[in-house]
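To find a chain, count down the sequence lines: A is the first, B the second, and so on, and within it residues start at 1.
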Amino acid sequence: MTGSPTRRDFLRLSSGLVVAGLASGCASPVVSSLTGSQPATADVIFWHLFSGGDGANMATMVEDVQASAGISVESTLLSWGNPYYTKLALAASSGRPPDVAVAHLSRLPLLAEAGLLETVEEAGLTAAGVTRDRFTPAAWSKATVGGATYAVPLDTHPFVMFYNRTLAKRAGLLDGDGRLRQLAGRDEFVGAISAMKEVGGDFGAVASNTADPSTTWRFFLTLYSGLAGSILEDQGTRITLDRDAAEETFALMRELTVGKKLMPHSATITTASTLFGQGRVGFLFDGVWQIPTYSGVTLPSGDPLAFDVVPFPAILGEEPRSYADSHALVVPRSDGRSSEGSRQAVAFIKGLLEDSATWAGGGHVPAWLPTQESEEFTSKQPQSNYVRAAFEAVYDPPGWYTGAGSDFQNSMGGVISRVLAGQVEPAAAVGDMISALKTYATAKPPVG
Amino acid sequence: MSSVTITRAEHRRSERRRSEHNRAGWLFSMPFLVIYALFLVGPVLVGLVVSFFNTATVAPGLGEWVGLDNYAEVLGSGEFWASMWHSTLFTLLTTPLLVVLPLIAAMLAARVTRNQWFFRLAFFAPYVVPSSIVCLIFAFMYTPETGLISHAFGWVGLTAPDFLGSVNGAWFSVVMLTVWWTFGFNFILYLAAIMDIPEDVYEAAALDGTSPLQQMRHLTIPMVRSTISLVVLLQVLASLKVFDQIYLLLQGGPDKATRPAIEYIYDTGFTSYRGGYAASATMVYFLALVLVAVIWALLRRGRKVAE
């Protein structure tokens, strides 16, 4: 035998390595995907859709919970919106879901009806003290589908009014404490925006209303809900839109843009952030999640942008209303999860709730009342200003086709954008909205 | 003549050789054929099956058998036909521009003798930028009130059109973006064809006293005719497949006025989770594309016969 290895030796050696690799590699992603099991890389596999400021807050919370609860968590960030929900649904329906996942409450009905989620009770969360009385009622009730609760609300993130404090002061809109004067009714609302326009320049307010159907939909539903009830009933199969209320809402929106030119009739999200961020308009109508965008912004003059955030007042109708959605934690149904795994999932969810004051940094109102009432949260500005909005929250109407980023929001938002741009009269827009609603209400639901 | 002299044995031998060649050919194309079957033919067949069921994208299994209901709904849907029209309109608006302008640019670039690399690079460069980046940049420039292009109108005392919020503006902005972005591909195809024309043809033409313009018209264009027809076909198919720039720049808006067929399929299949319905819409669209290709082939055959 010579010293150099023969070809046969080499083959024997390499095939041995392959077998050894397969035997030892049971937990490797390659093997687990071939055998169809979820790789056991951590105690809890967690999926979410938060990037940016929310993503950073979530990472902090996950680390906190890992340290305090003594569990390991593998956290995966997936891209926001439809790709996320498609992946979550496909993973759950093929029996390989994460242990805990984030979902918008507005997207919950379909996931629940498709049988992809464990109820809060089944997941063992009720026994761990995650109960109705410890949550913002509007959020908890939105987490309930057909009598069973399928999600643990983490927050409420309402549509609100941002205002520039410097301009508001000049416009005489502040009260004795230096806060925005309480406005009531349509005329005061329009009057306040006019006053802002006089001191601000081109416009009094701005909202992203072009190529952004979700934002226009939030704006519409905030105003409309002051006048009438839900626009859909019976899981989205019956249209209950009040024509007069919708027309009145459209008339106000149109008056603000093309009528009195108090808001740009065409404005993208970039227009809105440029105009408000540079101190060129007094009001911005957007979601609370934009607070981090404007925190620490410097004006062209070199001064910091001084702004505050308040809930929408009652504008049309008697009671104030705010469009809102909630991030929630869900436990997808999985046959492969051990009882130990379920226990750890519960500990993880509980830990995130208790740490939700960190989450409020992104502008969200914690849904977990012990946090919402804690000093840690109530001392947060401007977050604690608009807690009321979480209680006055109006969510997307329930239905298999509604919810965050849905085609339904695109359709509704599209009609509203045309009203804001002055391309359609309010009465005609109501007809357009109803015909768009009919497309969904009469379509065959994929589940249920 | 030679076939007469071939003996029976020789004939057999050449038959065998040909079948060996055939076998080798098949073996070499195997990897491609396997991938083609797995990722193209397979999904098309699955899609065809799914289109007869009320399949949900979020639930396991095929769901309930609905027969031709999905097709009936697709064919009766105003929104579907509107989206088909938008894909067609986009094709009608972009194809002429993207067939003619790159040809002119390539003919000019081919005449440049110094620093030709610069012109090739300048025209081709946008093509390598990903659609998401192109759309972000253009969305920024088109931004109402504050965007660069909207602003530029103000400098000369004009009111900027509503590039993103009005139907005409939206079409204009997406067509401009597409022309700028995809111009380079056709440009390179033309340039390669023009470079293939032998120099002496031009020399002879120059001796005959033709002007550069006459050379372009009577020499270059006839000699790149087959490339032109290739570019037209590729461009029609590429334009009919439009999705990303309209989705990223406008979300198919304002109010779905620019939503192309593929976005309609995406919206119903992945946003509304109606997998079966979206599959039947896909089949109808697929059929429409096949029809375009067949008509194209027939027209070409007709022309060849005429020639």
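Heavy-atom distances place no part of A:Ser94 under 4.5 Å from chain B, backbone and side chain included. For B:Asn54, the parts lying near chain A are the backbone and the side chain together; criterion is any non-hydrogen pair under 4.5 Å. For A:Tyr85, the parts lying near chain B are the backbone and the side chain together; criterion is any non-hydrogen pair under 4.5 Å. Only the side chain of A:Leu110 comes within less than 4.5 Å of a heavy atom of chain B; its backbone N, CA, C and O stay farther away. Both the backbone and the side chain of A:Thr271 come within contact range of chain B, each with at least one heavy atom under 4.5 Å from a heavy atom of that chain. Contact of B:Leu164 with chain A is made through backbone and side chain together, with heavy-atom distances under 4.5 Å.
For the atom pair CZ (B:Phe163) and OG1 (A:Thr210), the distance works out to 13.0 Å, reported to the nearest 0.5 Å. Note that CG of B:Leu249 and OG1 of A:Thr268 are 10.0 Å apart. Values are rounded to the nearest 0.5 Å. Separation of atoms OG1 (A:Thr216) and CG (B:Asp255) is listed at 9.5 Å; rounding is to 0.5 Å. Atom OG of residue A:Ser417 and atom NZ of residue B:Lys256 lie 12.0 Å apart, to the nearest 0.5 angstrom. Atom CG of B:Asp267 is separated from atom OG of A:Ser411 by 8.0 Å, given to the nearest 0.5 angstrom. Considering CG of A:Asp407 and CZ of B:Phe270, their distance stands at 13.5 Å, rounded to 0.5 Å.
A pairwise comparison of heavy atoms in A:Pro213 and B:Gln251 identifies CD-OE1, 2.9 Å as the closest pair. Nearest approach of B:Tyr273 to A:Pro446, heavy atoms of both residues: O-CB, 3.6 Å. Pairing each heavy atom of B:Arg274 with each of A:Ala443, the nearest pair is NH1-CB, 3.5 Å.
Heavy atoms from other residues, nucleotides or ligands lying under 6.0 Å from CZ of B:Phe243 number more than 12. Within 6.0 Å of OH in A:Tyr294 there are more than 12 heavy atoms belonging to other residues, nucleotides or ligands. Atom NZ of A:Lys87 is surrounded by more than 12 heavy atoms from other residues, nucleotides or ligands within 6.0 Å.
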- Evaluation steps, side chain to side chain contact (heavy atoms under 4.5 Å, CB included), between A:Asn410 and B:Arg259: CA-CA 11 Å; A:Asn410 286 343; B:Arg259 178 166 73 161; over 6 Å; no
- Query: Should A:Lys444 and B:Glu64 be marked as a salt bridge (Lys or Arg N to Asp or Glu O under 4.0 Å) after you check the CA-CA gap, both sets of side-chain angles, and the distance that decides it?
  - Reply: CA-CA 11 Å; A:Lys444 203 170 169 57; B:Glu64 181 198 346; 3.6 Å; yes
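When each of A:Gly405, A:Ser406, A:Ala89 is scored by its heavy-atom pairs under 4.5 Å with chain B, the top score falls to A:Ala89. Contacts with chain B were tallied for A:Val415, A:Leu90, A:Ile269, A:Leu111; A:Val415 has the most, counting heavy-atom pairs under 4.5 Å.
Below 4.5 Å, heavy atoms of chain A meet heavy atoms from B:Phe140, B:Thr143, B:Pro144, B:Glu145, B:Thr146, all part of residues 137-158 of chain B.
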